[in-house]
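As structure tokens, the structure follows; a few thoughts come after it.
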Amino acid sequence: CAALECGGCHAHFCAKCFSLSQSSAACHDHAASCPGPVLPNGRRVAAPAGLFLDKEAFQRVCMEVQSARVTDYVARLGPEMRLAVVQQCQEDFLGRPGGTIAVR
């Protein structure tokens, strides 16, 4: 189920777009129709329709979001720092669950 509850703080959130909801019912309503998260560049990562999300789809969504966020951050760095961060990220993000996170 894509409507999750944190075991620690009991916050309700959507596994497709990571948005918070006020209650379990609201989270289930949201997750059932959630199209997926919007990236910093405005592009939406497509998530499977419906309330359920398998492990592979969850990992793919997470990977695309992480890649976009890191790429957005790296784009704001100076050339030397950018090169160093990209090189380190390429090593750190190799073979992550869902695939290798691409950083450009």
Side-chain angles (χ1 to χ4, degrees):
C1 181
L4 303 178
E5 179 180 355
C6 176
C9 70
H10 302 288
H12 300 278
F13 64 97
C14 175
K16 295 179 184 181
C17 72
F18 317 108
S19 67
L20 293 171
S21 294
Q22 293 297 315
S23 67
S24 177
C27 191
H28 279 84
D29 289 345
H30 168 83
S33 61
C34 179
V38 176
L39 301 176
N41 64 7
R43 185 176 71 82
R44 182 176 299 280
V45 176
L51 189 56
F52 296 96
L53 184 69
D54 65 26
K55 181 179 176 180
E56 290 76 22
F58 175 72
Q59 290 174 337
R60 180 189 54 78
V61 168
C62 288
M63 183 182 72
E64 288 190 47
V65 170
Q66 292 166 357
S67 178
R69 287 181 177 165
V70 171
T71 299
D72 182 60
Y73 167 75
V74 168
R76 293 179 272 154
L77 300 175
E80 289 180 28
M81 180 61 75
R82 182 179 189 283
L83 179 61
V85 170
V86 166
Q87 287 174 342
Q88 188 62 50
C89 285
Q90 287 173 343
E91 293 174 25
D92 290 348
F93 295 163
L94 185 64
R96 304 283 298 193
T100 297
I101 298 172
V103 179
R104 300 176 274 292

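Everything quoted here is computed from the prediction, not taken from an experiment.
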> Would you say the side-chain atoms of Thr71 pair up with the backbone N or O of Ser67, donor to acceptor, closer than 3.5 Å?
Replying inline: yes

> Closest heavy-atom contact between Ala31 and Ala3?
Replying inline: CB-N, 4.0 Å

>> Testing the basics here: between Cys17 and Gly36, what is the closest heavy-atom pair and its distance to 0.1 Å?
In response: CB-C, 3.9 Å

> Can you name the nearest heavy-atom pair linking Arg82 to Ala75, along with the distance?
Replying inline: NE-CA, 4.4 Å

> Is the count of non-hydrogen atoms from other residues, nucleotides or ligands lying under 6.0 Å from Phe18 atom CZ greater than 12?
Replying inline: yes

> Is there a side-chain contact between His30 and Ser19 (heavy atoms, below 4.5 Å)?
Replying inline: yes

>> Membership question, hydrophobic clusters at under 4.5 Å side-chain separation (ILVMFWY): are Leu53 and Val65 in the same one?
In response: yes

> Are Leu51 and His28 close enough, and set up right, to give a side chain to side chain contact (heavy atoms under 4.5 Å, CB included), and what steps lead you there?
Replying inline: CA-CA 7 Å; Leu51 189 56; His28 279 84; 3.9 Å; yes

>> Applying side chain to side chain contact (heavy atoms under 4.5 Å, CB included), can you list everything that pairs with Gln88, at least two apart in sequence or on another chain?
In response: Glu91, Asp92

>> Tell me every residue that passes side chain to side chain contact (heavy atoms under 4.5 Å, CB included) with Ala11, counting only those two or more places apart in sequence or in another chain.
In response: Cys9, Leu20

> About how many Å separate CG of Leu39 and CD of Gln66, when rounded to the nearest 0.5 Å?
Replying inline: 11.5 Å

> Of all residues at least two apart in sequence or in a different chain, which pass the side-chain hydrogen bond (donor to acceptor under 3.5 Å, both in side chains) check with Gln87?
Replying inline: none

>> Could you measure the distance from the CZ atom of Arg69 to the CG atom of Asn41? Nearest 0.5 Å is fine.
In response: 12.0 Å

>> Is there a side-chain contact between Arg44 and Pro35 in this structure, where contact means two heavy atoms from C-beta onward sitting under 4.5 Å apart?
In response: yes

> Under a single-linkage definition using a 4.5 Å side-chain heavy-atom cutoff for Ile, Leu, Val, Met, Phe, Trp and Tyr, are Tyr73 and Val70 assigned to the same hydrophobic cluster?
Replying inline: yes

>> Going by the rule side chain to side chain contact (heavy atoms under 4.5 Å, CB included), which residues pair with Ser33 if we only count those two or more places apart in sequence or in a different chain?
In response: none

> Is there any salt bridge (Lys or Arg N to Asp or Glu O under 4.0 Å) pair reaching into residues 22-43, and which pairs are they, with sequence neighbours excluded?
Replying inline: Arg43-Glu64

> At what distance, to the nearest 0.5 angstrom, does NZ of Lys16 lie from CZ of Phe58?
Replying inline: 12.5 Å

>> Is any side-chain heavy atom of Pro37 closer than 4.5 Å to one of Val61?
In response: yes

> Rounded to the nearest 0.5 Å, how far does OG of Ser21 lie from CZ of Phe13?
Replying inline: 10.5 Å

>> Going by side-chain hydrogen bond (donor to acceptor under 3.5 Å, both in side chains), name the residues that satisfy it together with His12, two or more places apart in sequence or in a different chain.
In response: none

> Should Val86 and Leu77 be regarded as members of a common hydrophobic cluster, given that ILVMFWY residues are connected when their side-chain heavy atoms come within less than 4.5 Å of each other, either directly or indirectly?
Replying inline: yes

